[in-house]
2 protein chains.
Amino acid sequence: MVRSTISLDEVDRRILRVLQRDGRIAVTLLAEQVGLSATPCLRRIRRMEDAGVIARYTAVVEPARVGLPIQAFVQVALSSHAEEVASAFHKALAAREEVVAAYAMSGGMDYMLYVVAADFEAYADFALKALLRMPGVKETRSSFVLMALKPPGAVPV
Amino acid sequence: MVRSTISLDEVDRRILRVLQRDGRIAVTLLAEQVGLSATPCLRRIRRMEDAGVIARYTAVVEPARVGLPIQAFVQVALSSHAEEVASAFHKALAAREEVVAAYAMSGGMDYMLYVVAADFEAYADFALKALLRMPGVKETRSSFVLMALKPPGAVPV
DNA sequence: CCTGAAATTGCCGCTAA
DNA sequence: TTAGCGGCAATTTCAGG
């Protein structure tokens, strides 16, 4: 995955739409759907993979069905934004598997986390014993997911 | 994708870990990595697909590389929680492609959205002209993603 | 278009309730 | 003895040159 910027034409975008909908589709079928034969279609896919447009392929696992029904968004503010503090915090986040996604944010709170847990006890353990004790953490605010209206879906390309 | 609950053994969990890391891996290879032959491995995959444990497969597209560098989390509060208002709001959300994910939440704000846009103007158009005018919307609070520390990753199975 | 590899299916054997 | 699970082999379909 190289970091170059590439331009995408309408066919590339159609490929992306199909691959976001079904990441395991056979290239042969995909090619048909976008009006190409397999070879050039595969070339375009590889090109987008190499350019980092397609970061990876993944199976989308339903957390609730694998024993992780608690899902929360957690906003975190740090007390210091010194390089060492931030990078220690990043390292601490990376080490916790229940943190499925983490973003540095603009605005009042510095970070947004997406966290999964088996139950409230496990979540409380994470929030109180792990997160609040991570380097530089000043304040956290958790909101729990009640329902996914639109499960993480396709980027509009 | 049926809605039954199934139990997963350690082999199933290993399959899920591999498929989350590489959603396009060949079943043959996957089978090797989890210590099975292809046939039972594929059977387990199908079983998890049917049970909704694996919701789908997808290509993970980097928004910034397809011309959508603005990414925001938006919290939304509704002025009414009447059935009709909520469902009209859900419908309005569903119709907007820039809303990549949407959740009903506990706590102060009723919804959390993940939104992508081509630039601030497009984002402002969405926030001011679309979102604020959706049925029942009382208040919104946008935070912009500065950096993805941990890009949406694997659920710990 | 062609060749090797992968996906998928039918069938059989083993093991444990 | 039967339900559940794994493997082998044959067939169809796909990947990649």
Side-chain angles (χ1 to χ4, degrees), chain A residues 1-68 153-155 157, chain B residues 1-62 65-66 154-157:
Chain A
M1 293 163 220
V2 177
R3 301 274 120 196
S4 55
T5 297
I6 62 170
S7 64
L8 305 174
D9 64 15
E10 181 53 28
V11 176
D12 291 320
R13 281 189 277 272
R14 271 154 77 181
I15 291 174
L16 289 178
R17 285 194 285 269
V18 174
L19 281 177
Q20 287 190 93
R21 184 154 33 78
D22 178 5
R24 266 184 93 84
I25 191 174
V27 174
T28 315
L29 273 181
L30 169 52
E32 259 174 45
Q33 294 189 22
V34 302
L36 282 179
S37 68
T39 302
C41 183
L42 187 60
R43 226 186 344 253
R44 284 166 179 267
I45 294 171
R46 292 283 177 267
R47 174 169 161 269
M48 293 192 282
E49 290 168 356
D50 291 344
V53 170
I54 299 174
R56 64 202 183 90
Y57 299 90
T58 191
V60 178
V61 171
E62 206 57 68
R65 297 200 179 275
V66 292
L68 298 165
V155 167
V157 290
Chain B
M1 297 165 219
V2 177
R3 301 277 120 197
S4 56
T5 297
I6 62 170
S7 65
L8 305 175
D9 65 15
E10 181 53 28
V11 175
D12 290 320
R13 280 189 278 273
R14 271 154 77 180
I15 291 173
L16 289 178
R17 285 194 285 270
V18 175
L19 280 177
Q20 287 190 93
R21 185 154 31 78
D22 178 4
R24 265 183 97 83
I25 190 174
V27 173
T28 316
L29 271 180
L30 169 53
E32 260 175 46
Q33 294 189 22
V34 301
L36 281 179
S37 69
T39 303
C41 184
L42 185 60
R43 253 201 306 262
R44 282 165 180 266
I45 294 171
R46 292 283 178 268
R47 175 169 160 269
M48 293 192 282
E49 291 168 357
D50 291 344
V53 171
I54 298 174
R56 65 201 182 91
Y57 300 89
T58 192
V60 178
V61 171
E62 207 57 68
R65 297 199 179 275
V66 292
V155 167
V157 289

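Chain naming here is simple, since letters A, B, ... match the order of the sequence lines and numbering starts at 1 in each. Worth knowing before you read on, the calculation uses all heavy atoms, side chains too, and leaves out hydrogens, waters and symmetry mates.
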Closest contact, heavy atoms only, G23(A) versus Y57(A): O-CD2, 3.8 Å
Rounded distance in Å - CZ (R43(B)) to P (dG4(D)): 12 Å
Which residues share a salt bridge (Lys or Arg N to Asp or Glu O under 4.0 Å) with R43(A), sequence neighbours left out: none
Minimum heavy-atom distance Q33(A)-R14(A), with the two atoms named: O-NH2, 3.9 Å
Protein-nucleotides 15-17 of chain C N/O pairs closer than 3.5 Å?
none

Reading 5' to 3' through nucleotides 11-17 of chain D, protein heavy-atom contacts under 4.0 Å coded B for base, S for sugar-phosphate only, - for none: ---SSSB
Option from V53(A), D9(A), I54(A), L30(A) for which side chain to side chain contact (heavy atoms under 4.5 Å, CB included) with I15(A) holds: L30(A)
Taking every non-hydrogen atom, the tightest pair across D12(A) and S7(A): OD2-O, 4.1 Å
Nearest non-hydrogen partners of A38(A) and V27(A), listed with the distance: O-CG1, 3.8 Å
Interatomic distance, L36(B) CG vs dC14(C) C1' [rounded to whole Å]: 15 Å
Main-chain N/O of P156(B) paired to R13(B) side chain as donor or acceptor, under 3.5 Å: no
Contact under 4.0 Å: R44(B) side-chain N or O vs dC5(D) OP1/OP2: no
R56(B) side-chain N/O to Q20(A) backbone N/O, donor-acceptor pair under 3.5 Å: yes
